[in-house]
> 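This structure is in structure tokens; I'll ask about it shortly.
Everything numeric in this text was worked out from a predicted model, so none of it was measured.
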Amino acid sequence: MKNGVKKAWQMIDQILRGITSTYGASYELKINQGYPVLVNDPETTRFVKEKAIELFGKNKVFEAKPVMGAEDFAYYLQKVPGCFIWLGAGHKNSKHDIHSSKFTINEEAMKYGASLLAYLTISILSK
């Protein structure tokens with residue numbers, strides 16, 4: 001567990017202890033840790049962005065803002081440096097989230113994802 005998370009949990013416990021003791025109550029605090037925070041490796045991210053711009057052009061590549069979600073890939077990034085990328089494969093007419101069975105994928109986007117992964121692989125192996 002990261003120090004920031006541990007400190008936040010300690011602060012929550014301290015606040016609860018203060019409130020409950022003030023009113024003569026008791027509490028039981030249970031916090032499920034959940035997924036770790038996904039943190040991209042800065043050098044890998046720079047490399048991926050540079051190669052994506054080379055392949056697709058600057059107007060097709062952007063850095064996404066952080067979101068409050070959960071992603072399994074975060075576990076990999078705890079072990080090895082890497083970069084999580086969004087392909088943008090949602091169909092423009094889809095009204096559903098990517099985790100919905102009603103999500104409509106833009107299959108045309110898959111060729112761009114495959115191209116990027118191949119280009120990254122060739123670029124890494126060519127170093």
> Just wondering, do Val67 and Trp86 contact through their side chains at under 4.5 Å, heavy atoms?
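Yes, side chains in contact.
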> Checking side-chain contact (heavy atoms from CB on, under 4.5 Å) for the pair Asp13/Tyr27: CA distance, chi angles, key distance, verdict?
CA-CA 9 Å; Asp13 185 64; Tyr27 73 98; 2.5 Å; yes
> Would the number of heavy atoms belonging to other residues, nucleotides or ligands and lying under 6.0 Å from OH of Tyr23 be above 12?
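No, because the 6.0 Å sphere around OH of Tyr23 holds 12 heavy atoms or fewer from other groups.
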> What distance do Ile105 atom CD1 and Met110 atom CE have between them, rounded to the nearest 0.5 Å?
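Here the rounded value is 3.5 Å.
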> Can you tell me how far the CD atom of Glu54 sits from the OH atom of Tyr119, to the nearest 0.5 Å?
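Spacing of CD (Glu54) from OH (Tyr119) equals 3.5 Å.
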> Within a reach of under 6.0 Å around CD of Gln10, are more than 12 heavy atoms found that belong to other residues, nucleotides or ligands?
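Buried by this count: over 12 neighbours within 6.0 Å.
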> If we ignore hydrogens and angles and just use 3.5 Å, is the side chain of Asn32 paired with the main-chain N or O of Gly34 as donor and acceptor?
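Side chain of Asn32 to backbone of Gly34, a donor-acceptor pair under 3.5 Å: no, none is there.
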> Any non-hydrogen side-chain atom of Glu43 less than 4.5 Å from a side-chain atom of Pro81?
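A side-chain contact is absent here, since even the closest heavy-atom pair is not under 4.5 Å.
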> Transitively linked via ILVMFWY side-chain contacts under 4.5 Å: Leu29 with Ile15?
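They do not share one cluster, since no chain of ILVMFWY contacts under 4.5 Å joins Leu29 to Ile15.
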> Within this structure, what is the CD-CG distance for the pair Glu50 and Leu120, rounded to the nearest 0.5 Å?
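Here the interatomic distance stands at 10.5 Å.
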> Once rounded to the nearest 0.5 Å, what's the spacing between atom CD of Gln14 and atom CD1 of Ile19?
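Those atoms lie 11.0 Å apart.
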> Checking Lys127 against Phe47: charged group under 6.0 Å from the ring centre and within 45 degrees of the axis?
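That pair qualifies as a cation-pi contact.
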> May I ask you to test the Phe56-Leu116 pair for a side-chain heavy-atom distance under 4.5 Å?
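Phe56 vs Leu116: side chains touch.
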> Once you round to the nearest 0.5 Å, how far does SG of Cys83 lie from CZ of Arg46?
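So the SG of Cys83 and the CZ of Arg46 are separated by 11.5 Å.
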> Would you say Ile124 ends up clustered with Leu55 if hydrophobic residues are merged whenever their side chains have heavy atoms under 4.5 Å apart, either directly or through other cluster members?
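Yes; tracing contacts between hydrophobic side chains, which count when under 4.5 Å, links both residues.
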> Can you tell me how far NZ of Lys111 sits from CG of Leu87, rounded to the nearest 0.5 angstrom?
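Reported value, rounded in 0.5 Å steps: 12.0 Å.
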> Could you tell me how the ring of Tyr75 sits relative to the ring of Tyr35: parallel (under 30°), tilted (30 to 60°) or perpendicular (over 60°)?
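Correct class here is tilted.
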> Determine, using the 4.5 Å side-chain heavy-atom cutoff (strictly less than), whether Val48 and Phe84 are members of one ILVMFWY cluster.
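No, no single cluster joins them.
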> Give the intermediate values and the outcome of side-chain contact (heavy atoms from CB on, under 4.5 Å) for residues Leu77 and Asn40.
CA-CA 7 Å; Leu77 294 179; Asn40 284 332; 3.6 Å; yes
> Looking at every heavy atom in both Pro36 and Ala74, which two are closest together, and how far apart are they?
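In terms of heavy atoms, the two residues are closest at O-CB, 3.5 Å.
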